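Contents: one structure, followed by commentary.
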Amino acid sequence: MASDAMRRYPGHENFCYELETLLSNHPPGFIYIHDLEAIRTTTRVTGTILDALSTTSSSPAIFYAQVDCVTSFTARLLYENIVNTLVGWEPRWEDGCANWKDDLDTRWNENMDSFVHGLRAAHTHLSRKAGAVMDTGKGKGKAGVNSDVRLVIVIERPERLKETLPELLVPFTRLSELSRLDLSIIFLSQVGWEDIKPPLGASPDPYYVDVPPPSKEDIVRNLILNFAALCEDSPSSSPFNNPYQSSLKSLYIHFITTLCDVCYPFTHNPQELQYVAAARWPGFCKPLLDQYKACGDIDMESGEAFPPPTNDVRMRLTKTFNPTLTAALEALLPRLTNAADWALANAPPDDLLSLPRAQGVQAAGTQGGGAAQQGAALAALPRMAKFILIAAFLASTNPAKSDVRMFGRGLDERKRKRRATRAPGKTRGGGPSKVAQRLLGPAPFAIDRMIAILGALLEENDFDSRASGKQFKIPGEHTDMEIGRVGVFSYVMELTSMRLLHRTTPSDRLDGPPQFKCAISYDATLALAKELKVALNDLLWDPL
Amino acid sequence: MQDSHIPNLDDVSKTSYYIPFNPSSTKREEHKPKTSIPKSHFEDRDLNNGRELRLSAYKDAWTKCLGRMQEIVRDLQAASVKDVINEVQHSYSNILPGLPFPELPVISLTNSGLGSAVLDSITSELEGKTAIYGGENSNCVLAHIYPGDIPNITTGMRSIITGLIEKQEVDSVKRKSTTSLATYDIKYLIAWYKIWAEDSEGSSPHIIVLLHEFEQIDPLVMRDIFDICSRYVSELPLIFLLSMTSPVSNYLNVTYPRSTLSLLRVRQFSAPTGNEILDALIFNTFFDLEFQPDIMIGPAVFQYIQDYFARYNPSVDTIFTVLQLAHLKHFSTDPLAVFVKDTPSVETLASPDSSPFIDALRNRINTINADEEIPADQYSALVDFVDDARYKFYRGLHSMKLGLHVMLSLLLFLEEQGYTGLKGSPDSGRSSKLWDAMDVVLGGDPERAIKGLAFVARKLKQRELGDILGRMYKLINGLAVALSSAEEEQHAKSEIVAMRTHLTQCGEDDNSFVDVVSAFSTWITGYLTTKLRPLENCPLWDIWYTGLSPFPSDIINPSIRASLVAGLLQPHAFAENLDPHVPHPISGSLRDLPDISILFKRYLDSSKMINVYDWFESFKTVLEDQRQHYKELSTTQASASPRKRGKGKQKASPQVDANEEDDSKWDIHVQARFVRALHELDYLGLIKHTGRKADHLVRTLFDVDDAQ
Amino acid sequence: MPAVLEEESDSSDEEVSELAIVSPKKQAFRADLNPSSNIPESLPDHLLPRFNACRRAILKSLQCPSLVLPAAAEDSVNGIAVKQLVELIDGTVLRAEGNSCLVLGPRGSGKSQMVDACLEKVAAQNPIILRLSGWVQNTDRHALREIAFQLLQQTGTSLLPDSEKVQLDDASEAEEDENPFLDSPDHLAEGPTLSLPPSSHLHALIPVLLTLSRPVVVILDAFDLFALHPRQSLLYCLLDTVQNCRASSESRGIAVIGITSRVDTVQLLEKRVKSRFSGRTIRTAPPADLETCLTMVRTILLPSNMDGCGEGEGEEEEEEEWNNLWTASVERFLAAKDVTNVFNETFTITRDFKVVARILTACIIRIKPSQPYLSFQDVSACTDLQRSRLRTTYLNKLSYPALCLLIASAHTDTAGHKSFTFEMLYDTFRNQVRALASAPVQVNGGNIGMMRCTREAFEELISANIYMCVAAPSSNIAKQFTKYRCVIDQPDVKAIIDKAGNTNLKKWLTKNQ
């Protein structure tokens with residue numbers, strides 16, 4: 001009966017078959033489904049199967065609830081979601097969003113055992129609804145006595161339970177024996193059971209179901225299947241600017257295959273691949289549509305299908321757009337921009353096919369990711385803030401002992417040149433080799449140290465750009481004045497609130513100077529340094 | 001009432017707090033707002049109600065200036081506000097087909113420069129209060145969420161949901177909290193939305209959550225909230241509007257994991273920042289031909305603004321603050337500033353107690369024009385002279401602006417043609433051109449610059465000359481209508497026309513063209529020199545023009561340590577009256593200082609490590625001296641109330657009858673004062689405790705050059 | 001569903017490729033499975049209902065495998081246990097004794113099942129059965145309320161004084177950490193809900209159990225956890241009541257049955273509690289030896305009664321035919337050497353029969369009308385899946401960047417850094433790219449900014465808990481600088497990389513050793 005699920009989700013046939021067989025006759029009390037790569041798809045598949053099972057009239061009648069541990073972040077939400085979904089109760093605003101209640105309305109959302117009571121009440125209710133006679137006495141109920149109603153509870157992302165509600169983990173895994181109902185609970189996770197299993201064997205071992213990562217072919221078939229659905233619900237305003245129409249299917253198949261060839265090695269996640277496809281496809285088929293429009297011998301009234309593109313055209317499209325696929329992946333996988341904007345930015349020019357080939361190729365060339373680099377974006381900061389950031393970066397990266405050598409004036413260059421000697425690989429002592437600080441991440445520094453470094457920087461690089469320092473006689477006195485200004489300190493706070501600096505000491509601590517950490521990358525700092533003409537690498541203890 | 005004075009010091013987002021002065025003495029008049037501005041240095045020659053008059057004058061001038069600048073800001077932000085609102089309205093229309101799952105629209109607005117104005121106008125627009133930016137028909141509900149509202153998921157969800165629900169009052173029904181959905185359950189929101197969407201006949205109104213100071217919100221919490229909301233996008237058209245201050249455009253990418261980002265559709269907008277704002281504000285306020293500021297700001301202040309803006313704080317508020325302070329300073333220094341807007345009536349001037357003011361004024365005037373002296377009693381003549389001077393000044397200002405515009409257009413043109421500009425920096429961009437021009441114009445001697453321009457103008461080709469003439473004509477023609485006395489402009493126009501006609505007749509390289517070019521260059525020289533007369537030449541210019549008087553930078557950006565030290569060295573300069581009963585001490589001698597200052601002086605005298613005992617001894621000697629002094633003082637003027645010292649908080653001060661208190665008591669007394677002063681220094685962070693040496697302390701402050 | 005069938009077949013092949021170890025044996029098995037044996041390869045259609053019914057029956061019995069075999073009833077451990085338990089419960093229910101005992105045995109040795117079975121026997125007398133579990137009722141007050149609730153269900157009255165309710169309610173809500181129930185003032189107006197009684201009621205309520213009109217059986221699952229409650233007051237009260245029951249004559253009798261797998265539970269009891277406990281311990285045990293285990297397997301695999309399909313003409317011979325086929329196949333299956341090997345392994349690893357049950361379930365699930373009989377490769381595959389869960393079994397198809405990261409982390413590990421940041425890994429990776437300029441370009445000519453992709457893959461690995469966060473995540477540490485450690489040890493990495501079969505990656509990894 002879940003064969004439609006099998007048809008809809010190629011690559012999951014085994015999974016579908018197994019789960020269906022399990023649930024339709026005597027499932028284990030605790031099933032653990034583990035999917036490493038495509039958890040979202042698996043979740044969807046599970047939903048479909050359960051839906052199919054619950055709709056078909058079988059004995060036992062199956063009722064299911066699918067809850068997510070992120071969405072239901074407190075115990076109460078979990079309980080309410082589960083029970084309400086099981087009995088199919090929709091809380092309505094008119095009656096104050098009341099939860100489902102049985103005849104003697106006991107409150108079941110309070111804690112675990114009240115929840116168990118709630119489950120039993122729901123079960124009674126459902127089996128009455130299923131027109132079954134309840135057998136008296138809870139006492140002699142082994143799992144399977146009230147076998148005319150079976151409850152299935154799917155819990156998504158149970159790994160979150162371990163962090164947020166650890167006390168619920170064990171009871172949930174034992175739910176079937178606790179509630180003494182024909183109930184099986186399914187954990188659906190991207191994480192192995194080994195990682196969330198509570199200690200001391202507190203919960204029974206689950207029945208494992210592993211979903212293998214989808215193969216490339218599966219994904220291809222999957223995406224192609226979606227195309228049909230898309231064709232249905234995409235409004236066919238004019239066939240010339242509707243990328244999703246059945247007559248383009250052959251081209252789409254071709255497109256998807258190439259896409260997966262390029263992108264599959266980098267991510268096995270079907271959603272991501274479909275995302276990239278959605279961003280690239282309109283541009284991919286646009287030239288063809290333009291061509292049809294140009295030759296315009298198809299009357300759109302009769303809705304007659306376009307002729308499939310010639311092999312030459314197809315080859316040419318592929319050749320044109322292949323390089324942009326990787327670009328799309330690069331920009332879209334980390335979400336440097338979103339699909340819609342990317343599609344817009346990289347739409348090919350009109351009538352690409354009518355252009356001469358060489359021209360066409362670079363015409364469809366991609367226009368970057370769209371996300372500005374951090375360094376460039378920092379340009380809007382005021383000059384002093386930039387100096388502060390550089391100083392902070394230095395303070396976070398250089399060891400404090402090196403400061404005098406790096407920034408002390410009057411030292412000859414040779415001394416300064418002596419830097420950390422990075423031993424490649426192991427040290428001869430066999431101990432672990434020292435890792436460069438910029439790899440380990442910024443180290444916290446006291447603000448005084450940063451201010452001092454800032455002073456050195458300003459004295460070196462900012463002296464001439466100052467407005468007027470006539471009243472200062474002693475060398476360095478002006479700088480001393482500058483770094484003491486309110487503006488500097490207030491901007492340190494400002495930068496912290498922008499999360500360009502991190503404050504590592506609590507803000508309510510009074511004794512001792514506050515500690516900070518630099519939060520901008522090396523590249524960003526380098527960009528700033530270039531702008532301010534600071535020779536960053538000379539000031540780094542351990543330069544790249 | 002009282003706690004309204006105390007700011008919330010835990011607020012991390014604030015970078016500074018205003019803690020109002022609230023003396024322990026319960027004198028009411030401390031609290032009620034001042035009706036006058038601080039005394040001017042020339043108090044002696046002020047009108048007796050001069051301070052009030054000048055305050056009102058200041059108010060007028062500043063409000064005028066401020067209003068103008070706010071208009072400009074509004075124009076500046078209009079574009080980005082429009083974009084954001086448009087984006088909000090169309091977040092759920094024309095979604096790209098074929099996405100694996102619906103995305104949660106997130107709009108991030110980066111606004112570091114323009115302050116809160118942008119967000120305010122956006123929200124008021126979306127909430128339907130205003131309809132300026134075409135957001136009128138946006139049917140939506142908007143909740144403001146601040147970082148404090150989201151300490152954890154539960155509270156965060158609750159404050160979002162309740163914030164939304166209480167905005168749009170759907171008929172609320174009584175609910176038993178225990179047996180119905182929790183208020184932090186998004187299902188609750190969904191249920192509400194169903195009802196509300198039915199009520200509002202509009203098709204699926206949007207729900208907007210505005211997250212203020214987004215960077216403050218803990219990403220770990222926000223991640224889950226995004227996750228939850230994105231799951232119900234199909235039922236709840238949610239839109240997240242993030243207001244960020246950091247200029248880093250990819251903050252989200254840097255901070256949030258990909259798993260979260262893949263749920264969102266982020267669109268980024270940013271309000272204008274940096275020099276764009278500064279140029280627009282300054283140029284359109286003080287050098288615009290349509291707008292006439294009451295007082296003109298001088299180059300010194302402009303330079304300071306530019307520097308401070310670029311160096312410390314590139315925001316509109318900075319400019320406002322600095323200019324306001326400049327206004328205040330101008331109006332509070334010279335009593336003559338009373339004349340800025342209008343001249344007081346003859347009667348007020350005639351009143352006897354304003355005679356010193358009048359005398360000062362007359363002397364000024366007589367020095368200006370020595371030929372006809374104004375006799376002592378002709379107040380009307382004075383008034384007329386001042387009014388005339390005002391008229392002259394404003395005309396001078398206007399023509400100067402005109403000259404600036406002409407010069408600027410010429411400059412820009414020359415730059416386009418690739419000639420070198422004023423400061424020989426060809427590729428320095430429009431902004432710097434602006435500032436150069438202002439510098440030249442206000443800076444005093446424009447002659448050099450004009451000569452340079454004229455010289456370059458000679459080298460113009462025919463076509464270029466044609467263009468520039470055309471521009472000049474358009475410029476002056478456009479201005480002429482707005483001008484009060486336009487005969488010079490008429491003249492200039494006619495000359496330009498003549499030159500153009502002449503130009504059309506002659507060919508490229510015959511000498512007739514050379515004539516035209518030379519004519520042009522001479523004309524431009526003449527024109528600019530007539531226009532660009534330094535404002536200082538106008539009579540009584542310093543009433544309307546701040547000129548070269550420097551800006552008191554330490555008011556807004558003091559150096560903490562320097563002012564700390566200064567405060568310790570000369571306390572009297574800071575708190576003008578340490579002790580209500582006694583007038584200022586005339587002698588700056590050590591004994592008149594408060595304890596902490598005395599201690600601090602000795603501190604400065606000592607070496608790196610201070611022996612506490614020696615310190616105490618030196619302190620004690622000073623106090624002895626002090627004691628002697630007061631003994632004499634009290635014997636001489638027994639009437640005088642006993643003098644206390646220390647910043648008013650010293651209750652344990654020596655009594656008048658110090659002479660009969662025995663020495664043991666006195667020693668204890670001194671010790672107490674010593675310890676107290678010591679701890680005050682400690683609080684100020686001037687002392688480091690190191691157990692290295694017995695009863696020794698370490699200085700943290702070195703080689704300050706002693707002011708005394 | 002033809003699509004499905006062919007799908008099934010090729011998937012089984014790829015399964016073979018996965019289990020490289022067993023494939024030769026499998027060949028052997030295929031060899032002896034030639035038509036010489038009189039069992040048809042695939043199922044004749046008319047037997048389909050039989051097949052399903054049989055499968056259902058087996059699954060059912062697999063869910064509750066009866067661990068007390070009629071065969072070894074008398075002398076086996078469980079047999080004795082049952083006798084003792086029955087006698088004890090009878091004592092309470094029939095002779096109104098007060099009894100207490102502890103059912104002790106390792107996991108999956110059928111403790112709860114046994115208790116239930118024994119209670120079934122006395123169902124006629126309809127005793128009041130109170131079931132508590134240490135997993136849920138983790139404080140005495142919860143336990144108490146649960147008792148009250150179950151009493152309410154079975155007798156119609158919770159023995160709690162009603163006057164307390166409101167105030168109790170507050171008490172209960174006070175202990176919610178961030179009070180989700182206090183979001184509107186009217187939370188006091190509630191239906192007849194049972195709220196937490198203060199522990200002071202213990203001494204009031206528990207003795208009242210004696211006054212009830214029916215005998216009471218209290219079952220304490222996870223008894224050891226109750227012993228961890230402060231002052232063990234619940235246990236004290238219960239056991240004390242048991243003692244009093246001995247004295248008092250009019251009571252109907254009470255039995256307290258503790259169930260635990262923890263051996264030293266009795267030592268956990270405080271002196272006063274222990275002195276009231278009868279000290280009677282009933283031991284249960286898993287199947288003692290492989291034979292018993294196998295017999296149990298056989299009995300499960302050959303279900304006596306198959307429900308499911310109604311009688312009709314020709315039913316008998318169909319049933320006959322099917323049973324012959326099935327029995328033959330099962331016998332052959334169990335006779336096969338390697339199959340018994342698998343069971344032997346399993347049995348030596350763990351005596352817990354549930355594991356065997358799981359393995360069998362998986363096998364039964366796998367059989368289809370197309371290949372209706374249990375086979376060796378099924379059972380071995382299922383064993384890998386259900387018993388010995390090697391990470392390599394499900395980590396074999398990682399994306400290319402993920403593999404790079406795994407290698408990089410292996411390198412940092414050998415360099416002596418147990419924990420690493422993303423930047424470190426990326427640095428290692430970049431060096432490798434410099435060293436061997438072709439590394440990133442390997443994949444289908446799609447050369448891609450590995451930086452980007454690697455970071456995505458990094459987060460993938462984190463969310464899959466392959467990289468574990470060392471310190472608690474804080475908003476103060478940038479993503480790329482949080483420290484992680486790799487839970488996969490180097491041999492596994494090697495295996496995974498070998499599976500991936502990318503020569504460059506292999507080279508890079510072997511540079512490690």
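Keep in mind that this is a model prediction, so the values were computed, not measured. Chain A is the first sequence line, chain B the second, and so forth, proteins listed ahead of strands; every chain is numbered from 1.
- If you take OH on B:Tyr251 and CG on A:Leu500, they are separated by 9.5 Å, rounding to the nearest 0.5 Å.
- Only the side chain of B:Leu263 comes within contact range of chain A, judged by heavy atoms closer than 4.5 Å.
- Figure legend: cation-pi geometry between A:Arg485 and B:Tyr312 absent, as NZ or CZ is not positioned both under 6.0 Å from the six-membered ring centre and within 45° of its axis.
- Interface residue A:Ala385: only backbone heavy atoms are found under 4.5 Å from chain B.
- Under the 4.0 Å criterion applied to side-chain N and carboxylate O atoms, B:Asp224 and A:Arg160 are assigned as salt-bridge partners.
- Taken to the nearest 0.5 Å, the CD atom of A:Glu494 stands 7.0 Å off from the CG atom of B:Asn313.
- Of the inter-residue distances, the one linking A:Thr71 atom OG1 with B:Ile228 atom CD1 reads 5.5 Å to the nearest 0.5 angstrom.
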Show the numbers, then the answer: is there a side chain to side chain contact (heavy atoms under 4.5 Å, CB included) between A:Tyr275 and B:Glu103? CA-CA 11 Å; A:Tyr275 193 76; B:Glu103 297 168 302; 2.8 Å; yes
Going through the distances and angles, do B:Asp185 and A:Glu80 end up as a side chain to side chain contact (heavy atoms under 4.5 Å, CB included)? CA-CA 10 Å; B:Asp185 190 350; A:Glu80 288 177 346; 4.1 Å; yes
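- Contact detail for B:Leu96 and A:Ala278: the closest heavy-atom pair is CD2-O, 3.6 Å.
- For chain A, the option among B:Ile560, B:Ile186, B:Leu261 with the highest count of heavy-atom pairs below 4.5 Å is B:Ile560.
- With a 4.5 angstrom heavy-atom cutoff, A:Val488 touches chain B via backbone and side-chain atoms both.
- Annotation: the span from B:Arg258 atom CZ to A:Asn269 atom CG amounts to 6.5 Å, rounded to 0.5 Å.
- Here the closest non-hydrogen pair linking A:Gly487 and B:Asn557 is N-OD1, 2.7 Å.
- B:Arg267 and A:Ala340 make their closest contact through NH2-CB, 3.6 Å (heavy atoms, listed as atom of the first residue, atom of the second, distance).
- Judged as a side chain to side chain contact (heavy atoms under 4.5 Å, CB included), and not counting sequence neighbours, A:Leu344 has no contacts.
- Partners of B:Phe551 according to the ring pair (Phe, Tyr, Trp, His ring centres under 6.0 Å) rule, which considers only residues two or more places apart in sequence or in another chain, are B:Tyr304.
- Ion pair A:Glu90/B:Lys187 not flagged as a salt bridge, since none of the NZ, NE, NH1 or NH2 atoms sits closer than 4.0 Å to an Asp/Glu carboxylate oxygen.
- Side chain of B:Gln216 to backbone of A:Ser497: a donor-acceptor contact under 3.5 angstrom is found.
- In terms of heavy-atom proximity, B:Asn253 sits nearest to A:Pro334 at ND2-O, 3.1 Å.
- Of the atoms belonging to A:Phe489, it is side-chain heavy atoms, and not backbone ones, that fall under 4.5 Å from chain B.
- A distance of 6.0 Å or more separates the ring centres of A:Trp93 and B:Tyr193.
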Determine, stepwise, if the pair B:Leu181 / A:Asn84 fulfils side chain to side chain contact (heavy atoms under 4.5 Å, CB included). CA-CA 10 Å; B:Leu181 290 184; A:Asn84 283 340; 4.1 Å; yes
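- Listed here is the closest heavy atom pair of A:Ala98 and B:Ser180: CA-CB, 3.4 Å.
- A distance of 15.0 Å separates CZ of A:Arg383 from CZ of B:Phe309, quoted to the nearest 0.5 Å.
- A donor-acceptor contact shorter than 3.5 Å is absent between the side chain of B:Asp227 and the backbone of A:Val70.
- When the candidates B:Ser262, B:Ser559, B:Ala310 are compared by the number of heavy-atom contacts under 4.5 Å with chain A, B:Ser559 comes out ahead.
- With chain A as partner, the option from B:Pro314, B:Ser270, B:Pro558, B:Ala191 having the largest number of non-hydrogen pairs under 4.5 angstrom is B:Pro558.
- Only the side chain of B:Tyr232 comes within less than 4.5 Å of a heavy atom in chain A; its backbone stays farther off.
- Within the 4.5 angstrom heavy-atom criterion, only side-chain atoms of A:Phe73, from C-beta onward, approach chain B.
- Annotation: maximal heavy-atom pairing with chain B below 4.5 Å, among A:Asn226, A:Asp68, A:Ile388, occurs at A:Asp68.
- Of the possible polar contacts, one joining the A:Gln274 side chain to the B:Gly98 backbone as a donor-acceptor pair under 3.5 Å is found.
- The two atoms that bring B:Ile217 and A:Arg499 nearest to each other are O-NH2, 3.9 Å, heavy atoms only.
- Residues A:Glu94 and B:Lys194 are not paired through a salt bridge, judged by the lack of any N-O separation under 4.0 Å between the basic side chain and the carboxylate.
- Between atom CG of residue A:Leu495 and atom CD of residue B:Glu215 there is a gap of 11.5 Å, rounded to the nearest 0.5 Å.
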Show, in sequence, the C-alpha distance, side-chain angles and deciding distance for B:Tyr184 and A:Thr74, and conclude whether the side chain to side chain donor-acceptor pair (under 3.5 Å) test is met. CA-CA 10 Å; B:Tyr184 52 83; A:Thr74 66; 3.3 Å; yes
